[in-house]
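Each chain gets a letter, A, B and so on, in the order the sequences are listed, and its residues count up from 1.
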Amino acid sequence: MAVRVQSGDFDPGAELSSFVQEAASAGAVVTFTGLVRDIAGGLQYLEIEHYPAMTQSALESLEATALTKWKLQSCLIIHRYGRLNLGETIMMVATAAPHRAAAFEAADFLMDNLKSRAPFWKKEVSKNSETWVQSKDTDKAALRRWKFK
Amino acid sequence: MAVRVQSGDFDPGAELSSFVQEAASAGAVVTFTGLVRDIAGGLQYLEIEHYPAMTQSALESLEATALTKWKLQSCLIIHRYGRLNLGETIMMVATAAPHRAAAFEAADFLMDNLKSRAPFWKKEVSKNSETWVQSKDTDKAALRRWKFK
Amino acid sequence: MINVLYFAWVRERIGLPKETVETSAKTVAGLVSELVQREERYALAFSDVSAIRVAVDQELMDFDASLVGVQEVAFFPPMTGG
Amino acid sequence: MINVLYFAWVRERIGLPKETVETSAKTVAGLVSELVQREERYALAFSDVSAIRVAVDQELMDFDASLVGVQEVAFFPPMTGG
């Protein structure tokens, strides 16, 4: 049960080690880690803006929904803001449940909502341009899946 | 690209750290970790039997299918055998892909197939009884999902 | 008096992250109408409201949300976290 | 001469992990018929073949799989890895 919004880089492996130790009574742990990658070529770094007064509470409410809906034993959300260099970790979610289906579904749910309902905005900075990342239609479609449940 | 079948315990966090470093060009990394838990109460330890001549090749063929089908950048499967104590790690899969949908789906696919098509058999040992874990109908139904794809 | 916040390219187009606005608007949509009449940069930022999301007191809301008792309104593009 | 392997409760019921079998059976099903006629413990282990899986030369197969050129056959319950 933790939500962390931070500018510093972190090691998802170290987070998983602690998470598993705390969630020892759970049988199934799923993690998702997002990394800064250079898709188009030329990316120098990523700049993530967020809405400080809203971010923590938005993530906590997301976590509470996942905990209740999938009866998770434990849940972790870490998301960075500020300048992020290539290869660095952007964010991570971890879910612990008695069975794998719940752990997978809850992690998937958290990701879809983080993409479209948490107040973060990514800007890609390369040598000659700065571009705000556009939200994808696939993200909206992914989000819609959870309304039918 | 690694498959490891081993009796010794391992730290899924340490595995995730190395996996992320090698898969630095991937944007999305998903892991699943299975832990020994005491559901019914009274479990002393888990004994996992396997079919040595078949295990490695079965897991490698599973990995090859996932790599091709979801165009993964990287894939890891670790599965233990022998005596496993409460709270220890049973197995782990990790997948790295450019986007989250592929990473999630491939990890889910690997898990369904590990449950039903890799030659491992779990026995639960408690003070007064030894019970072979029965495969679940939900596992077969889960496996069937992948035939329609 | 309402605190109005702007993020990402909405902030860049309007040219400031935050301002205090004296308004008689009853809804978010009414507030937007007032803002676009102020200056060209506001009109530009709000030219396509379908591309803009709004949070009222840190909760995501629609443009018809009431401003009664509200302290903070934020405008921003669709979020791109994760 | 075929190496026949048993795992999990199939191994426990038959009482050994591995044996070499002289057989004229053409298929896995034929081999099972020969085994169950040997002794009670084999009959017991194979009493419900729907609960048994088979691997031929380390590949999962059906009971009608051919034994031509085969070196190793393994019998075991549905797998429970993961």
Side-chain angles (χ1 to χ4, degrees), chain A residues 9-39 41 43 46 73 85-101 103-105 107-112 114-115 122 136 138-139 141-142 145, chain B residues 9-39 41 43 46 73 85-101 103-105 107-112 114-115 122 136 138-139 141-142 145:
Chain A
D9 196 15
F10 66 95
D11 173 7
E15 299 297 335
L16 176 57
S17 294
S18 336
F19 188 77
V20 161
Q21 287 211 308
E22 285 162 28
S25 70
V29 170
V30 168
T31 68
F32 178 91
T33 306
L35 304 163
V36 183
R37 67 177 186 282
D38 187 12
I39 323 171
L43 181 73
L46 208 62
Q73 267 137 320
N85 294 313
L86 270 177
E88 286 186 359
T89 307
I90 302 173
M91 48 70 58
M92 175 181 192
V93 301
T95 55
H99 297 286
R100 77 183 191 285
F104 266 113
E105 254 191 58
D108 207 6
F109 164 86
L110 288 173
M111 285 311 303
D112 283 345
L114 274 172
K115 290 260 173 197
K122 290 196 191 99
K136 294 188 209 110
T138 52
D139 290 339
R145 290 189 294 158
Chain B
D9 197 16
F10 67 93
D11 173 8
E15 299 298 334
L16 177 56
S17 295
S18 336
F19 188 77
V20 161
Q21 286 209 310
E22 284 161 29
S25 69
V29 171
V30 168
T31 67
F32 178 91
T33 306
L35 303 162
V36 183
R37 69 178 185 282
D38 186 13
I39 323 169
L43 181 73
L46 209 61
Q73 267 137 320
N85 295 313
L86 271 175
E88 286 185 2
T89 308
I90 302 172
M91 47 71 58
M92 174 181 191
V93 302
T95 55
H99 297 286
R100 77 185 190 284
F104 265 113
E105 254 190 57
D108 207 4
F109 164 85
L110 288 174
M111 284 311 302
D112 283 346
L114 274 173
K115 290 261 172 195
K122 289 194 193 101
K136 294 189 211 108
T138 52
D139 291 338
R145 289 190 294 159

Report task. Using the test ring pair (Phe, Tyr, Trp, His ring centres under 6.0 Å), find all partners of Phe19(B) that sit at least two apart in sequence or belong to another chain. Result -> none

Requested in this report: Determine the minimum heavy-atom distance between Pro12(A) and Val20(B), stating which atoms define it.
Outcome: CG-CG2, 4.1 Å

Requested in this report: Please look at Ser25(A) and chain B and tell me whether the side chain, the backbone, both or neither of the residue comes under 4.5 angstrom of a heavy atom of that chain.
Outcome: backbone

Report summary line: Separation between NE2 (His99(A)) and NZ (Lys136(B)), nearest 0.5 Å, reads 5.5 Å

Query raised in the report: Of Thr31(B), Val30(B), Val29(B), which is the lone residue that meets side chain to side chain contact (heavy atoms under 4.5 Å, CB included) with Thr33(A)?
Result: Val29(B)

Query raised in the report: When only heavy atoms count and the cut-off is under 4.5 Å, which of residues 87-96 of chain B reach chain A?
Result: Gly87(B), Met92(B)

Requested in this report: Could you grab the distance from atom CG of Asp112(A) to atom CZ of Arg100(B), nearest 0.5 Å is fine?
Outcome: 4.5 Å

Report summary line: Comparing Ala103(A), Gly27(A), Ser17(A), Ala107(A) against chain B, the one with the most heavy-atom pairs below 4.5 Å turns out to be Gly27(A)

**Report entry** Parallel, tilted or perpendicular: rings of Phe104(A) and Phe104(B) (30°, 60°)
**Finding:** perpendicular

Report task. Answer with side chain, backbone, both or neither: which region of Ala101(A) has an atom nearer than 4.5 Å to a non-hydrogen atom of chain B? Result -> neither

Query raised in the report: How long is the span from the CD atom in Gln21(A) to the CG atom in Asp11(B), to the nearest 0.5 Å?
Result: 8.0 Å

Report task. Answer with side chain, backbone, both or neither: which region of Asp38(A) has an atom nearer than 4.5 Å to a non-hydrogen atom of chain B? Result -> neither

**Report entry** Which portion of Ala28(A) sits near chain B, non-hydrogen atoms under 4.5 angstrom
**Finding:** both

